[in-house]
Amino acid sequence: MSVDIKTGAARIAEFVTRAIPPATARERAAAAIRDTIGVILAGAVERASRIVQAMAAQDGRGPCRILGTRERTSPELAALANGVAAHALDYDDMCFVSLAHPSCALVPAALAAAELTRAPGRSLTEAYVVGFELECRLGTVMNPRHYHQRGWHCTSSIGTLGAAAAAARILGLDANATGYALGIAASAACGLKENLGTMVKPLHAGMAARNGVMAARLAQQGFTASEQALDGAQGYLAAMDSQHQALDFAVADLGSRWEITQTGITVKLYPSCAATHVALDTLLDMKRCEGFSARDVDAIAVEVDSITPRLLIHERPATGLEAKFSMPFCAAAALVYGQLGIDTFDVDRIQEPVIQALLPRVTMRVNTAFDAKTSMSQARVTVRLRDGRIYSQCGDGARGYPGRLTGEELRTKFTGCARRTMRQEAADHAWLALKEMESIDDVRQLTELFEFGPGNSGTDV
């Protein structure tokens, strides 16, 4: 690709190709990969995932595993199916710089490329880091306008380029071919927030992973793209109504500053929209400390930043997907069940009379003072009891934020997720293997542990 090495696009391509992520960055990536594989195993049994898996199986076999199943298929279709499963439960991690769920596209894309090439385990962590860093720089350039004002779902619109970078790194593309891969990916990027709360939301993650792998493989074969696909007059940034139209200021520190070790990755400890998590932590803490129950509560008022109501749009959810984007439901469920897990969002749980009675008692309003902090990181919860007592507490960040999550919490989450498709013994073995992923010579040694079958299945115990 004949590009000026001083341009932002060329700087990105050079970084993807040549960056040497430090050990601390790779450790963060390894934890994200472990968490995401667990979430994929949990999401693999969801209806949206099953539909995509069936289509992938019909379209032919290949070298890449659809995790949690017996099927192998092409790299693109495996990335698609695993990406949908990763995001199907809204249990996958978040990044508040890119405003995306990074791992649900990065991990499936990297796994598919690594299986295709029989790459070593360390290639996964390195590819994840370069894809994550690119997504953060694009988020810095494009948001808040791209996400908040124009309705693009960054998990897909930005995640497609991150996935392409990760796949290009594993495939060993040079800077020219990597530049082409990113240019191809720029035309394949998509994802509308209007589809949040439907099956299309997890499809966004799958499409980002699939399109990223496709872009890298096409570029590997000599497929070309415009040199200005990212920042040209009618390029990616302009067409997606980016906050800024130049890349240079955001990519100047690529390779010298690592976003993954500074702002990091936020792991979800509840399978609901991240905008609910600070309020849920706060409410559950109050419930434990003060000892009240759902039947004692007269009203709950939740104050949030101005972004949160644009995401939590379902006051009276009718489906599990809608309930994940409903502050009234999540708050009511926290009161009634004392915790939110995967089964909390079953339709029969949503329709329980005690939940339905609580929904109208939960209100949400904007507190503009919270807008000065990171989006979705602040909340105040006020609970009024039937006997007149009032409790109020502010929350600053959720338990899964970088630096707060414990290794035991991550393992507990992984095990709970994996047990939807695996026996306990198989899940324990898989966790230990994931802990040593950088020492594995061939990624297929890792992915074969996540086959659904008589020896692994958790459904027959």
Side-chain angles (χ1 to χ4, degrees), residues 24-36 38-39 86-87 89-104 106-107 128-129 132-133 135-136 139-140 143-144 147 154-155 158-159 162 257-289 302-308 311-312 324-325 327 330-331 334 339-341 367 369-381 393-414 416-417:
T24 52
R26 299 197 322 272
E27 288 167 6
R28 293 285 182 91
I33 292 167
R34 292 194 295 272
D35 178 56
T36 304
V39 172
H87 203 43
L89 293 166
D90 228 296
Y91 211 0
D92 50 308
D93 58 30
M94 274 286 298
C95 171
F96 289 106
V97 177
S98 63
L99 295 183
H101 295 260
S103 298
C104 61
L106 287 174
V107 173
Y128 184 100
V129 172
F132 181 88
E133 294 297 318
E135 289 192 28
C136 287
T140 299
N143 293 317
Y147 180 76
C154 297
T155 296
I158 291 177
R257 184 179 69 84
W258 300 90
E259 198 76 58
I260 196 170
T261 63
Q262 293 190 7
T263 53
I265 303 163
T266 296
V267 171
K268 284 188 170 187
L269 295 181
Y270 310 114
S272 59
C273 177
T276 67
H277 287 208
V278 177
L280 289 174
D281 278 349
T282 305
L283 179 58
L284 287 168
D285 284 346
M286 292 170 64
K287 183 177 185 291
R288 282 189 290 267
C289 290
V302 183
E303 298 172 41
V304 295
D305 64 15
S306 60
I307 300 305
T308 294
L311 299 170
L312 305 183
K324 292 173 183 288
F325 293 85
M327 185 67 83
C330 289
Q339 180 59 283
L340 278 79
N367 182 336
F370 294 154
D371 290 344
K373 298 289 187 72
T374 301
S375 297
M376 298 177 281
S377 69
Q378 308 291 306
R380 174 179 287 278
V381 178
Q393 183 175 318
C394 265
D396 181 9
R399 284 167 45 220
Y401 276 32
R404 304 186 188 187
L405 183 74
T406 68
E408 187 57 36
E409 284 177 321
L410 191 61
R411 178 168 186 166
T412 298
K413 177 185 173 182
F414 175 86
C417 286

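- Annotation: side-chain contact (heavy atoms from CB on, under 4.5 Å) contacts of Glu303 (sequence neighbours excluded): Arg365, Asn367, Phe370, Arg380.
- Among all heavy-atom pairs drawn from Val39 and Asp92, the shortest one is CG1-N, 4.1 Å.
- With sequence neighbours excluded, no residue forms a salt bridge (Lys or Arg N to Asp or Glu O under 4.0 Å) with Arg28.
- Counting heavy atoms from C-beta on, the side chains of Tyr270 and Leu284 come closer than 4.5 Å.
- Here Ala100 pairs with Ser98, Glu135, Cys154, Thr155 under the side-chain contact (heavy atoms from CB on, under 4.5 Å) rule; sequence neighbours left out.
- Partners of Arg257 by side-chain hydrogen bond (donor to acceptor under 3.5 Å, both in side chains), not counting sequence neighbours, listed by chain and number: Asp253, Glu259, Gln262.
- The two residues Ala279 and Val302 make their nearest non-hydrogen contact at CB-CG1, 3.8 Å.
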Q: Step by step, work out the salt bridge (Lys or Arg N to Asp or Glu O under 4.0 Å) result for Lys413 and Asp35.
A: CA-CA 8 Å; Lys413 177 185 173 182; Asp35 178 56; 3.0 Å; yes
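- Looking at Arg404, its side chain does come within 3.5 Å of a backbone N or O of Gly397 through a donor-acceptor pair.
- Side-chain N or O atoms of Gln378 include none that pairs as donor or acceptor with a backbone N or O of Asp305 at under 3.5 Å.
- With sequence neighbours left out, the ring pair (Phe, Tyr, Trp, His ring centres under 6.0 Å) criterion links Phe414 to Trp431.
- In this view, Glu409 and Arg399 satisfy the salt bridge (Lys or Arg N to Asp or Glu O under 4.0 Å) rule, not counting sequence neighbours.
- Across every non-hydrogen atom of Ala25 and Val129, the tightest pair is O-CG2, 3.6 Å.
- Of all heavy-atom pairs between Asp93 and Ser103, the closest is OD2-OG, 2.6 Å.
- For the atom pair Leu89 CG and Ser272 OG, the distance stands at 11.0 Å (nearest 0.5 Å).
- For the salt bridge (Lys or Arg N to Asp or Glu O under 4.0 Å) test, residues two or more places apart in sequence or in another chain that qualify with Arg26 are Glu438.
- Nearest heavy atom pair, residue Gly264 against residue Phe132, reads O-CZ, 3.7 Å.
- How far CG of Leu312 is from SG of Cys273: 5.0 Å, rounded to the nearest 0.5 Å.
- For the pair Leu280 and Ala334, the tightest heavy-atom approach, listed with the atom from each and the gap, is CD2-CB, 3.9 Å.
- Partners of Ser306 by side-chain contact (heavy atoms from CB on, under 4.5 Å), not counting sequence neighbours, listed by chain and number: Val366, Asp371.
- With sequence neighbours excluded, the residues that form a side-chain contact (heavy atoms from CB on, under 4.5 Å) with Glu408 are Thr406, Thr412.
- Looking at Asp285, Val304, Leu283, Asp281 one by one, the single match for side chain to side chain contact (heavy atoms under 4.5 Å, CB included) with Val381 turns out to be Leu283.
- The OG1 atom of Thr374 lies 7.0 Å from the OH atom of Tyr401; values are rounded to the nearest 0.5 Å.
- Listed by chain and residue number, Lys201, Lys268 satisfy the side-chain hydrogen bond (donor to acceptor under 3.5 Å, both in side chains) test with Asp90 (two or more places apart in sequence, or in another chain).
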Q: Kindly determine whether Tyr91 and Cys417 satisfy side-chain contact (heavy atoms from CB on, under 4.5 Å), including the steps that lead there.
A: CA-CA 10 Å; Tyr91 211 0; Cys417 286; 3.7 Å; yes
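- Within the 4.5 Å cutoff, the side chain of Thr266 has no heavy atoms near those of the Cys95 side chain.
- The CD1 atom of Ile265 sits 8.0 Å away from atom OG1 of Thr36, with the distance rounded to the nearest 0.5 Å.
- Listed by chain and residue number, nothing satisfies the salt bridge (Lys or Arg N to Asp or Glu O under 4.0 Å) test with Lys324 (two or more places apart in sequence, or in another chain).
- Counting heavy atoms from C-beta outward, Val278 and Met376 have side chains that stay 4.5 Å or more apart.
- Scanning for side-chain hydrogen bond (donor to acceptor under 3.5 Å, both in side chains) contacts around Lys287 gives an empty result, with sequence neighbours left out.
- Residues Trp258 and Thr24 have side chains not in contact (no heavy-atom distance under 4.5 Å, counting atoms from C-beta outward).
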